[in-house]
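Written below as structure tokens is the structure these notes are about.
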Amino acid sequence: MPLSWNEIRSRSIEFVKEWEGESRERAEKDSFWNDFFNVFGISRRRVATFEEPVKKLSQNYGFIDLFWKGKLLIEHKSKGKDLNKAYTQAIDYFAGLKERDLPKYILVSDFDRFKLYDLDEKIDKSFSLHELPDNIQLFGFIAGYEKRVIRDEDPVNIEAAEKMGILHDKLKEVGYDGHQLEILLVRLLFCMFADDTGIFNRDIFRAYIDEHTKEDGSDLAMHLAQIFQIMDTPLKKRQSNLDEVLNEFPYVNGELFSEPIRLAYFDSSMREILLDAGALDWGEISPAIFGSMFQAAMNPKERRNLGAHYTSEKNILKVIKPLFLDDLWEEFEKIKNNDRLLSVFHDKIANLNFLDPACGSGNFLIITYRELRKLELEILRRLRKDGQAVLDVRMLLKVSISQFYGIEIDDFAAKVAEVAMWLIEHQLNEQLSLEFGQNVINLPLSGSVNVKGANALLIPWSELIGISSLDYILGNPPFIGAAMKNAAQKEDMQKVFGTAIAHGKLDYVSAWYYKGMLAITENRNLKLAFVSTNSVCQGEQVPLLWQILEREELEISFAHRTFEWTSEAKGKAAVHCIIIGISQPSPKIKQLYDYETVRSEAFKIDTPNITPYLTTGSSTLISKRSTPLSNVPKLVRGNIPYDDGHLLMTEMEKVEILNREPQLQQFVRKYGGAYEMLNNKWRYCFWLKDADLDLIKNSAILKSRIEEVLAFRKGAKSKSVKSKQSTPTLFGDIRQPHSDYLMIPRVSSHRRYYLPIAYEDSSTILADSAYGLPEATKVHFAILSSKMHNCWLRIVAGRLKSDYRYSATIVFNNFPFPKTLSQSQNQQLTSLATEILEIRSSYVEASLATLYDPTYMPPNLSKAHQKLDRVVDLTYSKRTFKTERERIEFLFKLYEEISAPLLS
């Protein structure tokens, strides 16, 4: 175990006394540097060699005075010699060194003077032998006390994961795979981290592999097995004649090295990869993200984009800060000057228990543990009196990794999570060591890491910890939409929901929310927060899932509206997510975090209530309706051809067909839906409803195409498509409006301020990607084009990614149109609708997609919509709506007023 700083400083003073003022000769440099390393409790022979031969650029050999591979190069000169020349000479050796062996520090000396160069930070420091005790902390890298800044986006995380991934592939190629390979890689991960962070004596693992195994790798498996066995053997049970170097490996415990695994035979390339990986500075690895990268690195396809495979700390803090961390810090600030209350508070945080029931490689557990330890460090600083010595700081630590529980379906990820928790514990102990001048190493590993490899939806969470003992449930369960679930996932949901909730159209994450909310009903002090797909708070999923809030007397305690959940690395993965916190009802003000765009910073809204739509106001649930709430025409969905494209044609195909058979003109109709309307790129179709069969039979083109339609329907897997084979001349589903209609796209970009809609005549065949509103007046056009309707759409509609999914049963049928309109209001709305349509038609070359793109929307069209918005607002209320939130609160109240009599 490394020495404390106090002891190192005392030893440095003795070293100076021994060597200061003496006339030393160069021949004594070996003794000088042996004594120097002894100051730090390090045997020079274990880490560094004298007179290391190196071929320089000149092809001549030189000899490095003292060389610690990958760490330190020392060039020693006689007293009074030029130390700058000594530095230049040291740099000359670099050409003959392997990249992995290049040092991070150069130290030049002439007995009386030192100059230390930090090559990474590009700084240097000069001082005399007499001043060594005052500068001794510059050599923390020798003692194992390096100050580290752990950065999520540090390239070393990706590089290390890539190295391990390549080693994984090479071992798998030669038949070493599965669980055995996963265990081996996790053990190597631990050893390389331990090598660089003081868990082991400095670099003993890498040095042992480099110096005691053959270059062809043929004996590496045997040596690794020996090392693993030794680390699973307590010191008292080891043989007395064990090799001195092997005996330096500590007893680890934690069952990390206890499972027997087959020998993994290496070759020279594999050995080189392992040594290259070991040469990285694993002390700079972030356990919070490396686990995810390490897991992804085992898949060659995912390895190309490793930076995408972790959750950034910033996003994890969005969950844990409002869930519990902000409250804990607020409590700390109130009592930090009262030692008695501070001690009670210390006990409180040491007894909190956390569960992540989809923990992956442990990101949430790691960050949560780290933040709790930060708070504990502040407590210890307050309780420690100025100048008061602490005999053993470990006795003061109360927060433990045994407070953290995880469930993970992937056994490998679960094992990585366990090791990552040990790694973050050690990094935090390193920080504590710097703070209190003592070295804190928990070996053998103490405190259990409670990560269970299992399907969290199929086991009781109480298998890990009693629900009554649990304080917080958190995490980010799988992002799998309702339509993307496989058969096994559907079966999981059936076992969770049973007959309590119709779950077919719910996202997979809903099952975690449901189990979590049921857990709160067992322990009313329990709180949960999950990151999830935003669709659970949109459209028809809302009344299905969130009915449990009212039924079980729960509430949303905080939430983040849709934002982009990303990593901070290049090639980052981006998913549009929300965060929902749930607890028993409380009079406390709730925090709703909103975003101007999905990539902007959040701003907080304080509100007495957060609805399941993540809005303020009352928690009304909008269920599917088969008919409109208001007195308006019924919205119809477009026609579906089920034809494999044989009843459809492009503009060019239409021209070619009519050139060959002009008589088919009577059967050709303009055809389109959302894409065609928005981009003004119409297609055409054969519309053969009520057509003369003799004319169809006499057309070679129609005959060929109808035969293709029939063949497609006969061969279809879908029963509904097969059932249409008796009428191959017709579209499969026909719902064509008999009058002119308003076309409304079923999906529209989230970037648009207004939903683009357009009139089409009855001869335009409506495609399934759009709805039609028959007999729609200009008043209907005006209201559906208004900000009022668009606000409703943004809240209650489902999503396709972030784009709005318009629906008849949820959006249109539930939308509360104005109760009554005066003749004057009718005239105003009609006039403004006409104005908007005329402005649009004046831009002959511009499509609706361009006209309603916020970047390119013409000023006169924008102003016309703003005038319309003001008039539509007045048809609902005399009050002025300043924000979207005010409009939504008003619309929900109006919905309740109109729907209440209908429901009763």
Side-chain angles (χ1 to χ4, degrees), residues 1-20 24 29 32-44 46-48 64-77 79 81-91 93-94 101-150 195-198 201-203 281-284 427 429-440:
M1 180 181 292
L3 304 177
S4 69
W5 274 119
N6 289 337
E7 188 171 353
I8 291 171
R9 180 173 172 79
S10 297
R11 288 184 174 214
S12 70
I13 293 171
E14 292 301 318
F15 174 79
V16 170
K17 288 179 180 178
E18 173 70 19
W19 288 91
E20 193 174 34
R24 301 298 180 184
K29 69 177 172 63
F32 180 84
W33 291 111
N34 285 338
D35 289 353
F36 179 81
F37 273 83
N38 192 51
V39 167
F40 304 96
I42 301 291
S43 169
R44 191 277 309 161
R46 290 282 180 265
V47 297
I64 301 173
D65 285 333
L66 192 66
F67 186 43
W68 181 356
K69 289 182 179 179
K71 186 67 66 177
L72 174 66
L73 187 155
I74 296 176
E75 191 62 27
H76 190 101
K77 295 298 178 186
K79 188 174 181 179
K81 294 292 185 179
D82 188 344
L83 294 187
N84 290 328
K85 286 185 178 180
Y87 172 74
T88 302
Q89 184 177 342
I91 292 294
Y93 293 129
F94 278 34
D101 293 337
L102 292 174
K104 294 184 177 181
Y105 300 90
I106 292 175
L107 178 61
V108 293
S109 176
D110 68 347
F111 290 115
D112 285 344
R113 294 174 297 152
F114 292 89
K115 192 167 187 178
L116 179 66
Y117 296 84
D118 183 331
L119 302 180
D120 284 348
E121 299 297 327
K122 296 180 174 57
I123 57 175
D124 57 76
K125 175 75 172 179
S126 299
F127 50 90
S128 67
L129 174 62
H130 181 75
E131 295 169 325
L132 176 63
D134 295 329
N135 291 277
I136 198 66
Q137 289 194 327
L138 293 173
F139 298 95
F141 64 92
I142 297 178
Y145 282 104
E146 285 182 90
K147 282 190 176 181
R148 302 184 186 277
V149 179
I150 310 299
D195 234 11
D196 283 337
T197 58
N201 289 338
R202 299 293 295 188
D203 285 341
D281 189 349
W282 287 74
E284 294 179 0
Q427 283 186 340
N429 287 345
E430 280 191 302
Q431 294 175 12
L432 195 70
S433 300
L434 289 170
E435 180 81 18
F436 287 87
Q438 297 180 14
N439 195 278
V440 181

Residues Lys79, Asp112: salt bridge by 4.0 Å N-O rule: yes

Classify the ring geometry of Phe111 against Trp19: parallel below 30°, tilted from 30° to 60°, perpendicular beyond 60°. parallel

Trp33 side, atom CH2; Arg44 side, atom CZ - distance, nearest 0.5 Å: 12.0 Å

Find out whether Tyr93 and Glu75 are in side-chain contact, i.e. whether some heavy atom of one side chain is under 4.5 Å from a heavy atom of the other. yes

Rounded to the nearest 0.5 Å, what separation is found between the CG atom of Asn34 and the OG atom of Ser43? 7.5 Å

Can a donor-acceptor pair be found, under 3.5 Å and without considering hydrogens, that links the side chain of Asp101 to the backbone of Lys69? no

Can you tell me how far CG of Leu73 sits from CD1 of Ile106, rounded to the nearest 0.5 angstrom? 6.0 Å

Evaluate the side-chain proximity of Ile64 to Ile74: yes if any heavy-atom separation is below 4.5 Å, no if none is. no

Keeping the roles fixed (side chain from Arg9, backbone from Pro133), state whether a donor-acceptor pair exists under 3.5 Å. yes

Would you call Asp118 and Lys104 a side-chain contact if the rule is heavy atoms closer than 4.5 Å? no

State, with a plain yes or no, whether a side-chain heavy atom of Lys71 is found less than 4.5 Å away from one of Pro103. no

What's the spacing between Ser12 OG and Asn38 CG if we round to 0.5 Å? 12.0 Å

What verdict does the side-chain contact (heavy atoms from CB on, under 4.5 Å) test give for Ile136 and Val39, after you've listed the backbone C-alpha separation in whole Å, the side-chain angles of each residue and the deciding distance to 0.1 Å? CA-CA 10 Å; Ile136 198 66; Val39 167; 4.3 Å; yes

Counting only N and O atoms by type, is there a donor-acceptor contact under 3.5 Å from the side chain of Glu131 to the main-chain atoms of Ser128? yes

What I'd like to find out is whether the side chain of Glu20 reaches to under 4.5 Å of the side chain of His130, using heavy atoms alone. yes

Test side-chain contact (heavy atoms from CB on, under 4.5 Å) applied to Leu83 and Phe114, step by step: CA-CA 8 Å; Leu83 294 187; Phe114 292 89; over 6 Å; no

Pairwise side-chain contact, Gln89 with Lys77, heavy-atom cut-off 4.5 Å (strictly under): yes

With side chains defined as the heavy atoms from C-beta onward, is the minimum distance between Lys85 and Val108 less than 4.5 Å? no

Applying side-chain contact (heavy atoms from CB on, under 4.5 Å), run through Asp281 and Phe141 and close with a yes or a no. CA-CA 11 Å; Asp281 189 349; Phe141 64 92; over 6 Å; no

Looking at OH of Tyr105 and CG of Leu72, how far apart are the two atoms once the value is rounded to the nearest 0.5 Å? 9.5 Å

Criterion side-chain contact (heavy atoms from CB on, under 4.5 Å) against Leu107, the qualifying member of Phe139, Trp68, Tyr117, Tyr87: Phe139

Say you draw a straight line from CG of Asp35 to CZ of Phe15; how long is it, rounded to the nearest 0.5 Å? 6.0 Å

